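Below is one structure, written out as structure tokens; the observations come after it.
No experiment lies behind these values; they were computed from the predicted model shown. Letters A, B, ... mirror the listed sequences (proteins, then strands); counts begin at 1.
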Amino acid sequence: MNFFKLVINISLVIAYFLTTAIKAHAIEADIKFAGALTFSPDGMLFVGDNINGAIYAFDLPAKKRTAGVNAVKIDNIDSRIANLLGVGSEAIEINDLAVHPLSHDIYISVSRIGNHVSRPALLRVDQQNQVQLVDLSSLSFTRQSLANFPEQHTTFKARGLMGAPPTPKDLAKGEIKLSSLAIMDMEFYNGELFVAGVAYDNFLSTLRRLPFPFNGEQSITKVETYHIAHDQYETRAPIRAMSVQMIGGKAQLVAAYTCSPLVLIPLDKLKNGAKIAAHTIGDIGNGQPVDMIPYTFKEQTMLFVTNNSRSPQVIPVSGLHNAKAVSDKDFARGPKLDLGDVLPFGPVGEMVMFEGVSLHMDLLSDKYFVSVTRDIPSGSLNLDSNFTFFPNRVHNLVAEYDFPQYYSSKAK
Amino acid sequence: MALLFAMIKRKMVIGAMLLCFAHVIHALEWSYVLPAKTSDPVILQGLSVSDTESVLSHEKLQVFVGTREDCCDGKWPLAGQYALSKGALTFTPDFDFVAEQPYVIRSLLRDAANGRSQPHLTDFVIPSARVVRNAAVSAVFPSGRLLPENTLRFYLHFTESM
């Protein structure tokens with residue numbers, strides 16, 4: 001009997017150390033990279049660490065803000081963050097942004113490079129436009145390691161434009177590890193965290209499904225997508241941005257890929273070890289989606305999809321009901337260019353004006369998006385707020401309204 | 001100081017800089033201990049009782065990225081922790097200082113001469129632990145004293161990799 005007790009005790013100890021979910025209160029998080037961010041509705045911040053191959057959940061309790069939410073604006077946000085971190089602005093990389101659902105504080109994940117070492121940092125921007133470094137060691141957190149995480153050696157293949165020899169910039173891209181795509185976007189829905197990225201030795205586009213609180217369980221589903229613009233079935237390039245919506249009476253993941261197919265994936269298809277085909281229902285056109293933000297416009301749920309290569313696309317969720325899934329049989333074979341007859345294809349909504357390029361965006365309130373935006377005239381990187389109903393800051397353009405004569409003629 | 005001048009004369013610049021940083025810079029009745037390593041703090045010592053009571057720590061001692069020439073309008077001080085003990089205020093940045101990155105300290109202290117508080121700016125750079133050797137031209141080809149009028153190329157050889 002004692003022998004069996006001993007075996008059980010040893011097994012429990014081994015299980016404790018082998019479990020991939022670790023809860024910590026007093027110890028400092030060993031986080032090495034602060035990448036993708038998302039919040040749960042009650043203020044749990046999930047941070048993707050592409051180096052450790054783990055998701056950290058930091059408890060950030062806050063009281064619900066009762067006063068109205070103000071627009072936030074900080075010009076040269078990169079310089080301001082770099083100042084706090086003791087480096088020049090060229091030595092930081094802003095990785096993501098997420099808004100606390102209760103306090104409406106903005107959290108920004110950053111890589112800070114100094115002394116030949118990259119270290120993660122998390123910053124908070126409050127409603128008074130104050131920027132503070134968050135002391136991660138003071139927060140309680142849980143950590144979930146990701147199974148089948150890509151190794152840290154394989155890099156992209158350097159390629160030049162349309163067969164031309166790679167330029168120095170192309171060669172630099174060729175030094176980026178594929179594991180940098182292992183945690184592209186995260187979405188918390190109904191007690192689970194969904195994580196898009198690459199896995200399985202950098203080979204396959206994957207969706208992970210993690211119950212929260214973390215308990216060591218996770219399911220991994222390989223996802224194949226028919227890509228309209230490229231006219232091929234793709235298994236490697238991962239989902240870039242996604243959102244869970246009720247479509248056709250069931251919860252489905254709406255997801256956008258690079259160049260830029262729009263797909264639906266029913267959540268009930270996401271089972272551990274399965275390989276599934278996403279339902280391709282549209283293609284926004286060539287470019288790289290960055291964020292997909294659900295919001296309400298005229299009492300309709302809309303998806304605001306930003307893109308680093310084109311203006312944002314506003315997609316009504318109502319248009320995704322009964323959307324037809326397509327395959328290579330539905331089109332003439334061959335790649336599709338933006339000026340061809342096919343793109344944009346499907347219920348992808350409308351492209352809207354946005355002044356500058358949003359590199360990261362989230363919903364600040366019912367009234368505002370908040371964005372890290374590359375300003376076109378100055379090249380500066382600004383944190384700014386944009387009305388959800390008219391997200392373009394049109395006053396920054398030079399138009400008829402900037403001429404004093406316009407007003408004098410109106411006064412007559 | 002003789003050692004310092006000797007090192008400068010012999011172009012042992014890094015060693016001389018290290019000696020400077022290990023040295024306490026004296027000014028008025030207070031002084032700094034500047035960081036010699038990237039993990040070291042900045043220490044402001046010799047504070048009077050009035051100094052320690054009159055101004056908050058983060059107003060008394062701030063460190064900025066850059067130099068005194070561009071300090072400090074539109075800039076924000078480094079995030080870090082303060083500790084006040086026995087007339088010395090210690091600032092430890094949340095992230096280590098970066099070697100070769102210029103920093104400037106701004107302190108708001110009572111001036112012994114006129115008794116008024118005023119800002120003082122002090123630059124510092126922590127040298128890289130890596131030895132930096134100055135490159136020199138070691139050879140020029142063609143090596144002759146006279147060159148043809150139509151010489152199209154010549155070669156410079158350096159002592160260090162370019």
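- Both the sub-6.0 Å distance and the 45° axial angle are satisfied by A:R393 relative to the ring of A:F354.
- Looking at B:V98, both its backbone and its side chain come within 4.5 Å of chain A, counting heavy atoms on both sides.
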Steps toward side chain to side chain donor-acceptor pair (under 3.5 Å) verdict (A:Q152, A:S179): CA-CA 6 Å; A:Q152 299 280 333; A:S179 59; 3.2 Å; yes

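- Within residues 93-104 of chain A, no residue has a heavy atom under 4.5 Å from a heavy atom of chain B.
- Residue B:V42 comes nearest to B:P35 through the heavy atom pair CG2-CD, 3.7 Å, listed as atom of the first residue, atom of the second, then distance.
- Nearest heavy-atom pair, A:S378 versus A:D375, reported as atom, atom and distance to 0.1 Å: OG-OD2, 2.6 Å.
- Taking CZ from A:F46 and OH from A:Y56, the interatomic distance works out to 14.5 Å, rounded to the nearest 0.5 Å.
- Legend: residues meeting side chain to side chain contact (heavy atoms under 4.5 Å, CB included) with B:P148, ordered by chain and number and at least two apart, are B:N150, B:T151.
- Using cut-offs of 30° and 60° for the angle between ring planes, the B:F97 and B:F124 rings count as perpendicular.
- Contacts from residues 79-89 of chain A to chain B, taken as heavy-atom pairs separated by less than 4.5 Å, involve A:R80, A:A82, A:N83, A:L84, A:L85, A:G86, A:V87, A:G88 in sequence order.
- B:D94 is linked by a side chain to side chain donor-acceptor pair (under 3.5 Å) to B:Q81, counting only residues two or more places apart in sequence or in another chain.
- Distance check: A:T373 OG1 to A:M361 CE gives 6.0 Å after rounding to the nearest 0.5 Å.
- Ring-plane geometry between A:Y107 and A:F39 is classed as perpendicular, the angle between the planes exceeding 60 degrees on a 0 to 90 degree scale with a lower cut at 30.
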